[in-house]
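Presented below is the structure to which this report refers.
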Amino acid sequence: MNFTFEIHSCLRQNVRSLGIPYSGSAAKNFYMKRTHHCNELRPAHIGQTITLSGWVHSRRDLGGLIFIDIRDREGRTQTVFDPSDLPKELFVQAASLRSECVVSVTGKVRQRPAGTNNAKIPTGEVEVGVVALEVLNMAEVLPFPVDDPEIASKVNEELRLQYRYLDLRRPEMARNLKLRSKVAIATRSFMDEQGFLEVETPTLFKSTPEGAREFLVPNRREAGTFYALPQSPQQFKQILMVAGIEKYFQLARCYRDEDLRADRQPEFTQVDIEMSFIDREDIYALIEGLIKKVWKTALNLDVPTPFKRISFEEALNRYGIDKPDTRFGMELVDFTEDFKASTFKVFSGAIANGGVVKALNAKGLAGATQGQLETMTEYAKSFGAKGLAFIKVEKGADGATVEWKSPIVKFFTEAEKAALTTKLAIQEGDLILFAADQWLTACEILGKIRLYCAEVLKTQGKLVIPADQFNFLWVIEFPLLGFDREQNRWYSSHHPFTAPVADDIPFLKTDPKKVRGQHYDIVVNGVELGGGSIRIHQPDVQKTIFEELLAIPPEETKLRFGYMLDAFKYGAPPHGGIALGFDRLIAILCGTPSIRDVIAFPKTAKGTDLMTDSPSSVSAKQLRDLYIEVKVKKPETATPPAA
RNA sequence: GGGGGUGUAGCUCAAUUGGUUAGAGCGCUGCCCUGUCACGGCAGAGGUUACGGGUUCGAGCCCCGCCACUCCCGCCA
């Protein structure tokens with residue numbers, strides 16, 4: 001009671017000294033400042049008078065006694081309004097509070113009565129006996145609950161994005177943002193310890209229409225010219241190496257105007273890194289150190305290093321994908337030799353055409369439904385295959401012997417069957433799936449099916465992957481170039497600045513397909529976390545790549561990359577770098593499949609922001625200033641003339 | 001650009017084969033309640049079944065269109 005008086009008289013004094021009339025507890029500009037966060041109070045605080053500020057998380061009104069849990073960013077604490085200690089009006093005010101009102105509460109920390117501790121929250125041994133309440137703001141009834149994690153996590157994402165400020169109040173979302181901040185800071189401090197400089201690069205850049213579609217920004221000062229938002233700071237960071245920065249990093253915002261996915265947003269953040277006078281090993285060691293520190297900071301886990309390395313070719317051969325999830329087996333097995341002379345023409349014919357036969361054993365999936373087999377067949381067809389060959393290994397009709405149920409087994413010889421049994425370790429209950437096609441296609445078909453089978457086995461409880469298992473992997477020795485049949489020309493598998501492996505340089509002009517790039521991807525649990533390369537630092541090699549292999553006309557090369565080739569003439573050090581997808585990194589650490597859950601204000605699958613309703617149309621004057629004429633117009637919502 | 005899924009009360013979901021007045025839990029409003037923490041009890045309000053057409057005696061359900069969200073393919077040097 002006395003304390004209440006003290007606070008109010010103190011407020012009054014403060015207000016008077018500023019010459020502002022004080023209107024009691026309704027004063028808007030001054031309030032009781034918090035002394036503790038809502039996750040802080042423990043038995044050690046018993047007896048202290050403290051102040052909490054935050055939101056009404058939940059209210060339990062027992063009539064003669066009211067419990068209110070106050071929540072702030074850090075946690076929550078139970079406060080008790082007991083009419084025997086309080087002025088009546090204060091108790092009435094407490095009864096009128098509803099979820100998410102903003103309050104400051106002052107009271108005495110006390111032990112909870114025996115048997116009423118709440119083991120679910122860290123502050124559950126104590127409570128605050130309220131002596132003063134200040135309502136800082138009322139809240140309307142919410143469009144969805146933020147206090148119940150079970151319901152809140154199921155709320156339609158559309159609604160969550162529209163009221164993102166409410167969604168972010170949920171402790172689960174607050175935790176994600178907190179972890180993101182911690183990791184960003186750990187990254188900066190690690191890079192600083194390693195001698196890197198954080199340099200900001202422009203986000204108003206030049207259009208370089210290789211690769212992803214760009215966001216364009218019209219230039220008001222010269223009609224018909226545009227900036228582009230960078231897809232990555234690639235060129236700038238290489239120029240910084242020419243500039244002698246030696247070790248650069250940046251938490252860089254990047255923009256790509258491509259369709260979205262759960263793990264792709266039109267703007268995203270990458271940990272962008274570049275170093276001079278290094279080779280691939282230096283990058284591996286640096287990133288392994290960074291990951292170690294990040295995992296320790298975020299999850300208190302010790303990540304073993306160095307990471308395993310696997311070549312692109314081996315990754316495809318064993319897992320059918322260049323970002324393998326190695327937390328489970330089900331590897332692909334090659335049967336090209338075994339079926340070379342098979343009477344089953346689908347197999348032997350593919351081999352005669354220069355293709356391969358591969359198979360995988362989905363252990364325990366013999367009971368696959370017709371629908372599941374159809375889904376897998378669709379995957380195969382999407383790669384151009386005619387169908388999907390399979391064998392269900394099940395108990396025979398007699399209940400004792402094991403039978404291979406499949407439309408194709410009748411074509412197999414005993415030797416072929418024996419090869420399958422041995423190499424795939426076939427047992428009752430297995431499902432064997434085949435791909436017979438060109439090497440890459442066959443691998444990719446089974447790679448896709450392998451992941452699908454794992455999903456099915458997971459839902460059936462036959463495959464269990466611990467949540468804290470992180471299989472890091474370097475994928476290396478990618479082909480430098482791919483060939484586009486339709487356009488009849490070579491393209492960079494990654495980007496045109498990637499240096500060829502030194503031993504392969506002679507093949508550049510004779511057999512480009514054979515040239516491996518000094519490129520590396522860092523993969524964890526089937527997710528591509530990042531990638532990079534040692535760059536070309538000799539202008540003549542770079543020119544060869546641009547003009548002879550990528551067949552970009554010299555004038556165009558000059559127009560688009562001239563400044564870079566120029567820079568390289570004046571002493572470019574050997575250099576290389578890497579970029580890690582920061583949003584994906586945080587999503588993995590948070591255990592969520594969608595990066596929207598780790599971005600404060602993400603966009604929907606159509607690239608809109610439901611809270612601000614952007615993108616939106618602009619005024620005719622704005623368009624005129626930018627020399628822009630809009631040809632296709634969205635029908636405007638007609639404003640009815642005023643009555 | 002293409003394929004799949006979803007859309008019913010403020011929220012999460014039901015609604016048999018197309019058949020009476022579209023239900024439940026939570027939330028909300030009112031009343032009661034001094035140890036709750038998913039408080040409890042009683043009562044009540046709340047619906048253009050996303051939207052626009054169509055078929056039918058009759059549509060939440062079937063058909064066509066359209067919008068939004070979502071997952072995937074293409075795309076993402």
Side-chain angles (χ1 to χ4, degrees), chain A residues 57-69 71 76-85 91 95 98-100 110 112-121 123-124 127 129 140-163 166 208-214 231-232 234-235 254-266 268 371 375 378-379 381-383 448 451-452 455 478 480-482 484 490-498 517 519 528 531 533 545-546 550 552 560-561 581 593-594 596 603-606 608 610:
Chain A
H57 188 71
S58 68
R59 194 170 56 91
R60 295 173 295 281
D61 186 345
L62 273 58
L65 192 66
I66 301 170
F67 297 96
I68 291 182
D69 287 357
R71 186 199 69 245
R76 58 187 233 240
T77 301
Q78 172 167 284
T79 65
V80 189
F81 291 76
D82 188 331
S84 57
D85 300 340
F91 188 78
R98 67 154 68 100
S99 282
E100 300 306 310
R110 65 193 190 205
R112 291 193 183 199
T116 62
N117 284 7
N118 185 354
K120 290 181 196 162
I121 57 174
T123 58
E127 64 187 15
E140 291 191 6
V141 175
L142 303 183
F144 62 90
V146 304
D147 61 331
D148 184 330
E150 291 221 353
I151 294 175
S153 66
K154 281 162 74 182
V155 170
N156 190 352
E157 196 169 359
E158 196 175 345
L159 202 65
R160 291 174 45 204
L161 290 174
Q162 193 184 339
Y163 299 93
L166 296 179
T208 55
E210 289 281 313
R213 188 180 295 119
E214 300 166 316
Q231 309 169 30
S232 94
Q234 183 65 33
Q235 277 101 311
C254 305
Y255 306 85
R256 293 182 188 172
D257 186 10
E258 297 291 350
D259 285 345
L260 290 84
R261 292 281 191 283
D263 62 350
R264 273 164 34 185
Q265 285 271 306
F268 60 97
T375 302
E378 283 308 312
Y379 282 139
K381 284 183 176 168
S382 72
F383 285 96
K448 194 99 202 195
L451 291 177
Y452 176 75
E455 279 310 308
F478 285 81
L480 184 69
L481 300 155
D484 186 331
W490 295 96
Y491 61 90
S492 298
S493 329
H494 290 97
H495 61 61
F497 314 112
T498 302
H519 179 99
E528 183 193 330
S533 62
I545 299 272
F546 278 143
L550 302 180
I552 304 173
R560 273 156 57 181
F561 304 109
S594 167
R596 290 188 300 273
K603 295 183 175 49
T604 69
K606 286 211 174 136
T608 62
L610 296 176

- Test for a donor-acceptor pair under 3.5 Å between the base of B:C76 and the side chain of A:R256, counting only N and O atoms. no
- Note on the structure: Whole-Å distance, A:E258 CD to B:C72 P, equals 16 Å
- Query: If we only count heavy atoms from C-beta on, is the A:E150 to A:P145 side-chain gap below 4.5 Å?
  - Reply: no
- Sequence neighbours excluded - salt bridge (Lys or Arg N to Asp or Glu O under 4.0 Å) pairs with any residue from residues 151-161 of chain A: A:E157-A:R596, A:R160-A:D167, A:R160-A:D597
- Given that both distances must come in under 3.5 Å, which nucleotide forms a Watson-Crick or G-U wobble pair with B:A68? B:U6
- Please identify each residue that fulfils side-chain contact (heavy atoms from CB on, under 4.5 Å) with A:L142, with sequence neighbours left out. A:E100, A:V146, A:L166
- Message: For A:P83 versus A:F91, what's the shortest heavy-atom pair and its separation?
- Response: CD-CE1, 3.6 Å
- Query: With a non-hydrogen cut-off below 4.0 angstrom, is A:R71 in contact with a base, only sugar-phosphate, or nothing?
  - Reply: nothing
- Message: Among residues at least two apart in sequence or on other chains, which ones pass salt bridge (Lys or Arg N to Asp or Glu O under 4.0 Å) with A:R98?
- Response: none
- Message: Using the side-chain contact (heavy atoms from CB on, under 4.5 Å) criterion, which residues pair with A:P593? Sequence neighbours excluded.
- Response: none
- Answer with base, sugar-phosphate or nothing: what part of the nucleic acid does A:S492 contact at a heavy-atom distance below 4.0 Å? sugar-phosphate
- Item | Integer angstrom distance from the P of B:G30 to that of B:G46 | 16 Å
- Message: Which residues pass the side-chain contact (heavy atoms from CB on, under 4.5 Å) test with A:A605, not counting sequence neighbours?
- Response: none
- Taking only the side-chain nitrogens and oxygens of A:K448, find out if one of them lies under 4.0 Å from OP1 or OP2 of B:C72. no
Under-3.5 Å N/O pairs linking protein and nucleotides 48-51 of chain B:
none

- Message: Between B:C51 and B:A14, how far apart are the two C1' atoms, rounded to whole Å?
- Response: 23 Å
- Message: Using only modelled atom types and a 3.5 angstrom limit, is any donor from either the side chain of A:R160 or the base of B:C11 paired with an acceptor on the other?
- Response: no
- Residues two or more places apart in sequence or in another chain: which of them pass salt bridge (Lys or Arg N to Asp or Glu O under 4.0 Å) with A:E378? none
Distance-only criterion, 3.5 Å: show the donor-acceptor pairs between side-chain atoms of residues 257-264 of chain A and protein atoms not counting sequence neighbours.
unit_1	atom_1	unit_2	atom_2	d
A:E258	OE2	A:R213	N	2.8
A:R264	NH2	A:D259	O	2.8

- Query: Using a cut-off of 4.0 Å on non-hydrogen atoms, how would the nucleic acid contact of A:L550 be classed: base, sugar-phosphate, or nothing?
  - Reply: nothing
- Stacking of A:F144 on B:C11 base (centres under 5.5 Å, planes under 30°): no
- Query: Which heavy-atom pair separates A:F497 from A:F561 by the least distance, and what is that distance?
  - Reply: CZ-CE2, 3.9 Å
- Message: Over all strands shown, is A:E140 touching base, sugar-phosphate only, or nothing at heavy-atom distances under 4.0 angstrom?
- Response: nothing
- Message: Treating primed atoms plus P, OP1 and OP2 as sugar-phosphate and everything else as base, which nucleotides of nucleotides 22-34 of chain B get B, S or - for protein heavy atoms under 4.0 Å?
- Response: ------SS---BB
- Can you name the residues that form a side chain to side chain donor-acceptor pair (under 3.5 Å) with A:S533, not counting sequence neighbours? A:T498, A:R535
- Query: In chain order, what residues pass the side-chain contact (heavy atoms from CB on, under 4.5 Å) check against A:S58, with sequence neighbours excluded?
  - Reply: A:R60, A:D69, A:D147
- Quote, to the nearest angstrom, the C1' distance that separates B:C61 from B:U56. 13 Å
- For B:A59 versus B:C42, give the span between their C1' atoms, rounded off to a whole number of Å. 38 Å
- Write down the partner of B:U21 under the Watson-Crick or G-U wobble criteria, each distance required to be under 3.5 Å. none
- Message: Students often get this wrong, so: under 4.0 angstrom with heavy atoms, is A:P113 touching a base, only sugar-phosphate, or nothing?
- Response: base
- Given the C1' atoms of B:A22 and B:G58, what is the spacing between them in whole Å? 15 Å
What does the list of N/O pairs under 3.5 Å between the protein and nucleotides 69-71 of chain B look like, with a distance for each?
unit_1	atom_1	unit_2	atom_2	d
B:C69	OP1	A:T604	OG1	3.2
B:C69	OP1	A:T608	OG1	3.2
B:C69	O4'	A:E158	OE1	3.3
B:U70	OP2	A:A605	N	2.7
B:U70	O3'	A:R596	NH2	3.4
B:C71	OP1	A:R596	NH1	3.3
B:C71	OP1	A:R596	NH2	2.7

- A:N117 near the nucleic acid: base, sugar-phosphate alone, or nothing, with a heavy-atom cut-off under 4.0 Å? base
